[in-house]
Amino acid sequence: MAELRILTLIKRVPAPGARINITDDEQFVNTQNLGFTMSPHEECAVEGAVQLIEEHGGESTVLTLGPAEAEEQLRYAASIGINQAVLMDNGGEDWDPQRTAKAIGDAIEQLESESGPFDLILFGNESADSGGFQVGIRVAHRLGRPMVNGIKGIEVHDDKVVAKREVDAGSEVYELPRPAVLGVKEGLNLPRYPTMKGRLASKKVEINAVAPAADAGGQAKVRLLRPVETVSETVILGTDESAAAAVVDLFEELGVL
Amino acid sequence: MTSVLVVIESDQGAMAPASHEALTFARDYATSAGLPLNAIIFGAESGMAAEAGTYGAATVHVADHALLDDFGPEAWGETLAQAVTQTAPAVVVSCGTDRGNEVLAQAAARLDLPFVANCTEVDTGAAEMTRTQWGGSLLERVSLNAPTRLLSIAPHAFDASPAPAPGAGMVMPFAPVLDDSLARTKVVDRVVTSSGVTLSTAPVVVGGGRGVGSAEAYAPLEELAELLGGKVGCSRAVTNNGWRPHSDQVGQTGTRIAPELYIACGISGAIQHWVGAKASKNILAINTDAEANMVTKAGHAVLGDLHTMIPAITAEVKKRKGL
Ligand SMILES: Cc1cc2nc3c(=O)[nH]c(=O)nc-3n(C[C@H](O)[C@@H](O)[C@H](O)COP(=O)(O)OP(=O)(O)OC[C@H]3O[C@@H](n4cnc5c(N)ncnc54)[C@H](O)[C@@H]3O)c2cc1C
Ligand SMILES: Cc1cc2nc3c(=O)[nH]c(=O)nc-3n(C[C@H](O)[C@H](O)[C@H](O)COP(=O)(O)OP(=O)(O)OC[C@H]3O[C@@H](n4cnc5c(N)ncnc54)[C@H](O)[C@@H]3O)c2cc1C
């Protein structure tokens, strides 16, 4: 099989702790004291791209649209084995999903006209923060390529990509002609950690800039709010094995025994 | 006249329970907006029109086509886009499941319309709504400007209930024009890996977190789950350690569960885990830390070591079952 060219799309998001707080103006997640990361789905997409290139040979690229600081996520991807990086700096502005997809679609067309088509484009199933479940689907449609979301298994063949999606009692199998686009879910693989050598190498990866431009779509953020928290008077059934009887009484009461 | 159109999710002729939530939400919305409630089905009619009628649907568009006899996101999305163009509904609703969100996003891409995923509240007129971010850990108020408003509702956000006065469920054939090439994303095969109850349908889930300590230490959780006719679930700390397969993970990037009882053992209850577990009817936390979120949010808790508690509970269950 000829060498592969794979593009993976990642989004810089805050890495929240056990609780997510919002800023006083209710517009953003309060990122004071927080680091930044990408969605677990996207980490698996990056790892998947690296594994496919290790298996088949070729070259992998990672692209993000976001603030200049998103270089950190691009370098992280490079540290685990991605070869090329593209940053679309939009000054960290709030872009809705339609606009994001248009700008990313334009950039992919530009990159492909310069260096040839990507055999496979990997998105996350949904971003970790706003979770619109749509950017990859919009981009694939714009490029006229087949796209299936929710993928937890990928095999690349000469003429097709076999993709698996987990459903309740097993999985569905799809066979997409190449070039194809997939939305990946966590569980596709167990992403590796960067090695010291990988980290050093990632510092040398050149970050290519592509200027984003697109008009706003029809969805706009008004404000963020926290969901009503469950407050529960927790009934403590005990602190040792003697609590077992009370626990099983509860099972009986709930009708689950 | 314009309408509210519900996208019925089905698999091989059977309606997904999530569609009952979408129908119930859409019925209430249609009533408050003074609009008729219609639905669209993909594939041959198999009794789903009458089922949609039970939930209040007046007209059910049946898109029967060879490319729609099994799921395919592009063929389903293209069909929906054509139905929207021809029937001009004011609002289109699906449930925010994998398929529900995917089909709406496919239609939105084709219509070049916005799509608002996972709403928990929609104002009449659908010019503003509340939707989930971070898998439900946070909410976002959004404004929406579009001739047809495409949205999905967050799973488990609305309780399903049949209509007090059923709709006619009248079948109206809908013939989409589909290019053969759309077969490229149709399901070609299925692999069945488990039979019987699954994590998302189990009446009892025994969840184990980092506190369990190793892959081997899940055996007592398996035994208890089996005795209660349930399934084992886990946290992301556990799948990251390779102790359990990702298909067992509960939370934002895992499965959303809604059992009668969730027994959360050695799980701290981080918000990203909690959003996948909060639809549980009852929660019993077993944790050594009285301050753990899972303990403070649970209805019941045992403050002890799961490694001694679970065998003690299992022994008591066996005793009462006469095993
Ligand atoms: C500082 C800042 C704050 C924002 N705040 C909000 C907000 O509060 N509410 C809101 O609706 N929008 C917000 N946005 C815009 C939003 O996050 C967008 O990126 C856009 O809405 C994309 O949709 P999504 O994140 O829902 O993507 P989804 O459709 O869920 O994403 C699917 C996949 O597409 C890819 N993808 C998505 N976005 C990007 C990207 N930017 N670069 C590369 N790949 C990407 C990823 O692979 C992702 O897994 C903000 C943007 C910024 C920069
Ligand atoms: C974008 C994003 C998505 C995420 N998605 C998910 C997701 O889908 N699912 C998920 O679970 N997490 C998810 N996470 C991770 C989440 O934030 C937490 O890191 C994770 O849930 C912690 O797992 P845990 O509770 O098992 O571990 P810990 O937080 O380490 O908790 C272990 C608990 O075990 C207790 N314990 C220890 N020993 C014992 C004992 N012997 N007996 C009883 N109790 C004991 C401790 O008191 C503690 O409460 C996500 C994070 C991000 C940023």
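Letters go in sequence order (proteins before strands), and every chain restarts at 1. Note that this is a predicted model, so its numbers are computed, not measured.
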Would you mind reporting whether [Y] and [X] have side-chain heavy atoms less than 4.5 Å apart?
{"X": "Ser152(B)", "Y": "Phe133(A)", "value": "no"}
{"X": "Val235(A)", "Y": "His300(B)", "value": "yes"}
{"X": "Pro16(A)", "Y": "Gln272(B)", "value": "yes"}
{"X": "Asp98(B)", "Y": "Lys185(A)", "value": "yes"}
{"X": "Arg226(A)", "Y": "Leu138(B)", "value": "yes"}
{"X": "Pro227(A)", "Y": "Trp134(B)", "value": "no"}
{"X": "Thr193(B)", "Y": "Glu166(A)", "value": "no"}

Can you tell me how far the [atom1] atom of [X] sits from the [atom2] atom of [Y], to the nearest 0.5 Å?
{"X": "Lys221(A)", "Y": "Glu140(B)", "atom1": "NZ", "atom2": "CD", "answer": "6.5 Å"}
{"X": "Leu284(B)", "Y": "Phe251(A)", "atom1": "CG", "atom2": "CZ", "answer": "6.0 Å"}
{"X": "Gln252(B)", "Y": "Glu126(A)", "atom1": "CD", "atom2": "CD", "answer": "7.0 Å"}
{"X": "Gln133(B)", "Y": "Asp129(A)", "atom1": "CD", "atom2": "CG", "answer": "6.0 Å"}

Determine whether a donor-acceptor pair (N or O, by modelled atom type, separation under 3.5 Å) exists between the side chain of [X] and the backbone of [Y].
{"X": "His41(A)", "Y": "Thr253(B)", "result": "no"}
{"X": "Arg165(A)", "Y": "Val187(B)", "result": "no"}
{"X": "Gln134(A)", "Y": "Phe115(B)", "result": "yes"}

Counting a contact as any heavy-atom pair under 4.5 Å apart, which residues of residues 137-153 of chain A contact chain B?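 Within residues 137-153 of chain A, the residues that come under 4.5 Å of chain B (heavy atoms only) are Ile137(A), Arg138(A), His141(A), Gly144(A), Arg145(A), Pro146(A), Met147(A), Val148(A), Asn149(A), Lys152(A).
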List the steps, then state whether salt bridge (Lys or Arg N to Asp or Glu O under 4.0 Å) holds for Glu26(A) with Arg141(B). CA-CA 10 Å; Glu26(A) 302 181 315; Arg141(B) 229 16 223 169; over 6 Å; no
Residues of residues 303-319 of chain B contacting chain A, heavy-atom criterion under 4.5 Å, by residue number: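 Against chain A, the residues of residues 303-319 of chain B that fall inside the cut-off (heavy atoms, under 4.5 Å) are Leu303(B), Gly304(B), Thr308(B), Met309(B), Ala312(B), Ile313(B), Glu316(B), Val317(B).
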